[in-house]
There are 2 protein chains.
Amino acid sequence: MPKPTLVDVGREAGVSAITVSRALRSPEKVSEALRAKVEIAVKKLGYVPNQSASTLASNKSSSIVVMVPSISNNVFTDVLGGISDALHGSRFNMQIGYTNYDSQEEERILRSFLNPTPSGVIISGLEQTDETRQMLENAGVPVVQIMDISPKPIDMIVGFSHDQAAETATQHLIDSGYKNIGFIGAQMDPRSLKRLAGFKKAISDNGELREQCIAVTNKPSNVRLGATLLDKLTSQFPECDAVFCNNDDLSVGVLFECQRRGIKVPDELGICGFNDLGISSETVPSITSVTTPLREIGRLAAAMVIGEEGAPSTPIVDLSYTISARESTKRV
Amino acid sequence: MPKPTLVDVGREAGVSAITVSRALRSPEKVSEALRAKVEIAVKKLGYVPNQSASTLASNKSSSIVVMVPSISNNVFTDVLGGISDALHGSRFNMQIGYTNYDSQEEERILRSFLNPTPSGVIISGLEQTDETRQMLENAGVPVVQIMDISPKPIDMIVGFSHDQAAETATQHLIDSGYKNIGFIGAQMDPRSLKRLAGFKKAISDNGELREQCIAVTNKPSNVRLGATLLDKLTSQFPECDAVFCNNDDLSVGVLFECQRRGIKVPDELGICGFNDLGISSETVPSITSVTTPLREIGRLAAAMVIGEEGAPSTPIVDLSYTISARESTKRV
DNA sequence: GTGAAAGCGCTAACAA
DNA sequence: TTGTTAGCGCTTTCAC
């Protein structure tokens, strides 16, 4: 028995194929009676729409395009998990593009993903090229930027302020009694630079900012790099008594390096990480981190882009963050 | 200017549309001269094939379907990364299905992914339902099972032996002088059960296996669970002097719990993990683990499924594993 | 609110 | 080896 088509469903329901199509994708354009008949016929025949035919005829696909910098960074697997959750059971599927933190690559990939026109685009960060923004506007699809926040999104945006988060975290270190606070960062993408700016602001507001308190690299982040950067930091800034790390890989690496070198945490060195990826709360001592709503960002972005009920009514959603204060900054 | 179609390219090259189609997808069926002409015309017009039309006409898509148990488990993000690498630049794209460690769910998802017929299927493990195996055979697509090894794959297979890996790791603990070795496991899927079997074999071969040396749960693995299971293990098996952990989340969690309780690693307790996910080598002390070729499994599976040059010529590829011996099992 | 006709761009099957 | 013909299943457009 071949797969039933719209024509088969129409025959079963006593209507034409096009009416079935309408009943399925824009029920409000069809009378109540017909809708019911069609629904029964669909169930009876086990009809499943053919996406290719639909896409070919309309030049619109049912994909939600998701552009993220990296597959291996747990930050984005969390976000993707949230999107996946929200799309589950809907008629949309997700198509993922990995930009490797490169706007040009992002533009290239997106160009290829924009044909046929997807049902929506979720894209990380604010730093799209002019070309990319133009393509997105021309495509006329809903676009949700994620991870960051801005008063002037391309279309919609959901995220939080990295400057503020870093500033609050740094202030937490200051409030905990640390006097000489350093910054450790890897993969210095625009959001990382904002965290650095927030750090600098908090330090400047409470005294003098010295350049030697910053140790950063553009390499991808990992645990070992935390150790390496701590070495760098303590040699250029020996009086350092606390570090704010760009992310949790680094903060964990810093803690391990302290254990190796016999540096007492939190007494001799306070540590604060970023994103709170799950291990920070388990280490000994546990590490203070900035808890960010990664999964929720994904979920909301998906809801906004498909215009689901329950989606926020405003195009700008600032989800904020919380400081999870733990042992690594609890000076006695 | 509208997007060029096969007809446009054909006109430019002075041939028919179908010839262009053939020149593009099976060059060997077309004369050398024509192929060159077509190639020039394609470049000149910037022709890009329309996937939907192709899929609709042939009922075959250019997707490689990848079925994995979980999005959040780093084991699978590594594998996916390998597949993504291998597919990059080819004409194939990947379509990912998350089964949540459930064969019925796997069957359900796969059924929906098999229409239109994909170009290939990569599927985790050996434990497909009969229905699933049947569907896969009927579909007539190349199938590569991954993560495990078996003499009788559905079609092709690339992985390693979990029993042997666990047996070797346990033997390493025995050789390191540990006498009372326990097993800690979470997410006891079939591969985990094989690791447990390998553990039991090594223990039995060297003395007597006692049931109380095993502490497992079916909950998803995480760092905290390592601590919880260590508690369970040491209360039911107080003489325990080493643990083999199902995976690295748990082994890290065990180490942290030892630090909390003042248990000296490796002297009072030896620890060995599984998969070597990157943090094991960084902890203090560093943790011995079984290094498994996750990325390589992904790369090879993709190469095999698309029949790429450079793919192994045999349908069964055992990639093996290595024991990365570190401080956590180096008893003085 | 509903339907008929005309493709979307490609490939299978057959013909030359 | 190359071309012709006839759809794939759906949506668009336009008519009623």
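Just so it is clear: chains get the letters A, B, ... in the order the sequence lines come, proteins before strands, and each one is counted from 1.
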Problem - Check: A/S54 main-chain N/O paired with A/S58 side-chain donor or acceptor under 3.5 Å - result: yes
Problem - Integer-rounded Å distance: C/dC10 P and B/L24 CG - result: 9 Å
Practice task
Using atom CG of B/N59 as one end and atom C1' of C/dA12 as the other, report the distance to the nearest whole Å.
Solution key: 12 Å
Practice task
Give every residue pair that meets the side-chain hydrogen bond (donor to acceptor under 3.5 Å, both in side chains) criterion with at least one member in residues 140-159 of chain A, sequence neighbours excluded.
Solution key: A/Q128-A/Q145, A/D148-A/K194
Problem - Whole-Å distance separating the CG atom of A/N115 from the P atom of C/dC8 - result: 15 Å
Exercise for the section: Drop me the distance from B/L87's CG to B/R299's CZ, to the nearest 0.5 angstrom. Expected result: 12.5 Å
Problem - Counterpart residues, ring pair (Phe, Tyr, Trp, His ring centres under 6.0 Å), relative to B/F76 (two or more places apart) - result: none
Handout entry: Side-chain N,O (B/S16) to OP1/OP2 (D/dT2) below 4.0 Å
Key = no
Handout entry: Side-chain H-bond candidate by donor/acceptor type, A/Q51 with A/S62, under 3.5 Å
Key = yes
Fill in the blank from the handout: B/T19 has its side chain closest, among C/dT11, C/dG9, D/dG3, to D/dG3
Practice task
Give a yes or no answer on whether the side chain of A/N100 reaches the backbone of A/D102 with a donor-acceptor pair at less than 3.5 Å.
Solution key: no
Practice task
Round to a whole Å and report the spacing from NZ of A/K60 to C1' of D/dT11.
Solution key: 13 Å
Practice task
Take atom CG of B/D130 as the centre, draw a 6.0 Å sphere, and report whether it contains more than 12 heavy atoms from other residues, nucleotides or ligands.
Solution key: no
Handout entry: Carboxylate-amine/guanidinium proximity below 4.0 Å for B/E137 and B/R133
Key = no
Handout entry: Any donor-acceptor N or O pair under 3.5 Å, side chains A/S192, A/D189
Key = yes
Taking only N/O atoms, report every protein-nucleotides 13-16 of chain C pair under 3.5 Å with atom names and distance.
none

Practice task
Find which nucleotide of DNA chain D each of B/G14 and B/A57 is nearest to by heavy atoms, and output the residue with the more 5' nucleotide.
Solution key: B/G14
Problem - A/E39, CD: over 12 other non-hydrogen atoms inside 6.0 angstrom - result: no
Problem - Residues that B/R91 engages under salt bridge (charged side-chain N to carboxylate O under 4.0 Å, His left out), provided they are two or more places apart - result: none
Fill in the blank from the handout: In whole angstroms, the gap separating P of D/dG9 from NZ of A/K3 amounts to 9 Å
Exercise for the section: Mind running a 4.0 Å heavy-atom check of residues 25-39 of chain B against DNA chain D and sending the residues that fall below it, in number order? Expected result: B/V30, B/S31, B/L34
Handout entry: Strand-adjacent residues in residues 44-54 of chain A, judged by heavy atoms under 4.0 Å from DNA chain D
Key = A/Y47, A/P49, A/N50, A/A53, A/S54
Fill in the blank from the handout: Between CG of A/L6 and P of D/dT11 the distance, given in whole Å, is 6 Å
Problem - D/dT11 phosphate, OP1 or OP2, under 4.0 Å from A/S21 side-chain N/O - result: yes
